[in-house]
Amino acid sequence: MATYTAEAITFAGTVPTSRTAAAGDKLTPDDNAFIRVTNGGASPVDVTFAVPGNNEDGEPNPDPKRSIATGATKAIRVNRRWADPADGLIALTWSATTSVTFTYERV
């Protein structure tokens, strides 16, 4: 399990740190952040943002799920509302982690 903070993209240019997807990955919320997921695996992969709690109707909050095709790279905006109030972090759940990497960036 690791917690990541978004890396700032500067006018001079930034080489974001590539991280290997793993169980227990968490992100520090940032209003201007996104993850860039690269799927080098042999099958599509899903990343799910586990949103705890219930909405105003008492129903469980939906967990946003994004699919990344085989061999593709996808940038995904991250929403601060997806953070767990217990620890203040956004939890990621991966359908597979083999050959999957990501960066966490902010503009």
Side-chain angles (χ1 to χ4, degrees):
M1 178 175 107
T3 300
Y4 302 106
T5 301
E7 295 177 275
I9 304 302
T10 66
F11 286 107
T14 303
V15 178
T17 304
S18 183
R19 309 183 186 288
T20 302
D25 285 335
K26 292 189 176 190
L27 308 175
T28 303
D30 188 306
D31 290 330
N32 298 305
F34 61 95
I35 61 172
R36 186 183 316 265
V37 181
T38 299
N39 178 11
S43 310
V45 66
D46 295 328
V47 59
T48 302
F49 300 87
V51 181
N54 296 326
N55 64 24
E56 61 273 2
D57 297 322
E59 299 168 338
N61 285 322
D63 293 335
K65 179 169 76 172
R66 306 293 185 258
S67 296
I68 300 88
T70 304
T73 298
K74 181 183 262 189
I76 304 163
R77 289 285 309 259
V78 176
N79 192 319
R80 174 178 296 281
R81 292 177 303 168
W82 299 341
D84 186 337
D87 63 8
L89 302 173
I90 299 168
L92 306 179
T93 304
W94 304 95
S95 62
T97 56
T98 303
S99 300
V100 178
T101 59
F102 71 99
T103 60
Y104 186 37
E105 306 166 49
R106 71 182 308 275
V107 291

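Since this is a predicted model, take the numbers as computed values, not measurements. Positions are given from 1, in the same order as the sequence printed here. Heavy atoms only: backbone and side chains are in, while hydrogens, waters and symmetry mates are out.
No side-chain donor-acceptor contact under 3.5 Å links Asp30 to the backbone of Ala6. A donor-acceptor pair is defined here as one N or O able to donate and one able to accept, closer than 3.5 Å; no such pair exists between the side chain of Glu105 and the backbone of Arg36. Although no hydrogens or angles enter the test, the distance criterion places a donor-acceptor pair under 3.5 Å between the side chain of Thr14 and the main chain of Ala8. Listed for the Asn55 side chain is no donor-acceptor partner under 3.5 Å among the backbone atoms of Asn61.
Looking only at side-chain heavy atoms (C-beta outward), Leu92 and Phe49 come within less than 4.5 Å of each other. Side-chain contact between Val78 and Pro29 is absent, with no heavy atoms from C-beta onward closer than 4.5 Å. Counting heavy atoms from C-beta on, the side chains of Thr20 and Thr97 never come closer than 4.5 Å. Side-chain contact between Ile9 and Pro16 is present, with at least one heavy-atom pair separated by less than 4.5 Å. Phe34 is not listed as a side-chain neighbour of Ile76, based on a closest heavy-atom distance of 4.5 Å or more. Within the 4.5 Å cutoff, side-chain heavy atoms of Lys26 are placed close to those of Asp87. In this structure, the side chains of Phe102 and Leu27 come closer than 4.5 Å at one or more pairs of heavy atoms.
For the pair Asp46 and Ser67, the tightest heavy-atom approach, listed with the atom from each and the gap, is OD1-OG, 2.5 Å. Pairing each heavy atom of Val51 with each of Pro64, the nearest pair is CG2-CD, 3.5 Å. Smallest separation of non-hydrogen atoms from Thr70 and Ser43: OG1-C, 3.1 Å. Of all the heavy atoms in Pro60 and Asn54, the pair that sits closest is CA-OD1, 3.3 Å.
A donor and an acceptor atom, one from each side chain of Thr17 and Glu7, are located under 3.5 Å apart.
Interatomic distance, CZ of Arg66 versus OG1 of Thr48, reported as 9.5 Å (0.5 Å rounding). Interatomic distance, CZ of Arg80 versus CG of Asp31, reported as 4.0 Å (0.5 Å rounding). Rounded to the nearest 0.5 Å, atoms OG1 (Thr101) and CZ (Arg19) are 11.5 Å apart.
The side chain to side chain contact (heavy atoms under 4.5 Å, CB included) test with Val47 is passed by exactly one of Val100, Ile68, Asp25, Asn39: Ile68.
Remark: Tyr104 pairs with no residue by the ring-ring contact (aromatic ring centres under 6.0 Å, His included) rule, at least two apart or across chains. With sequence neighbours left out, the salt bridge (Lys or Arg N to Asp or Glu O under 4.0 Å) criterion links Arg81 to no other residue.
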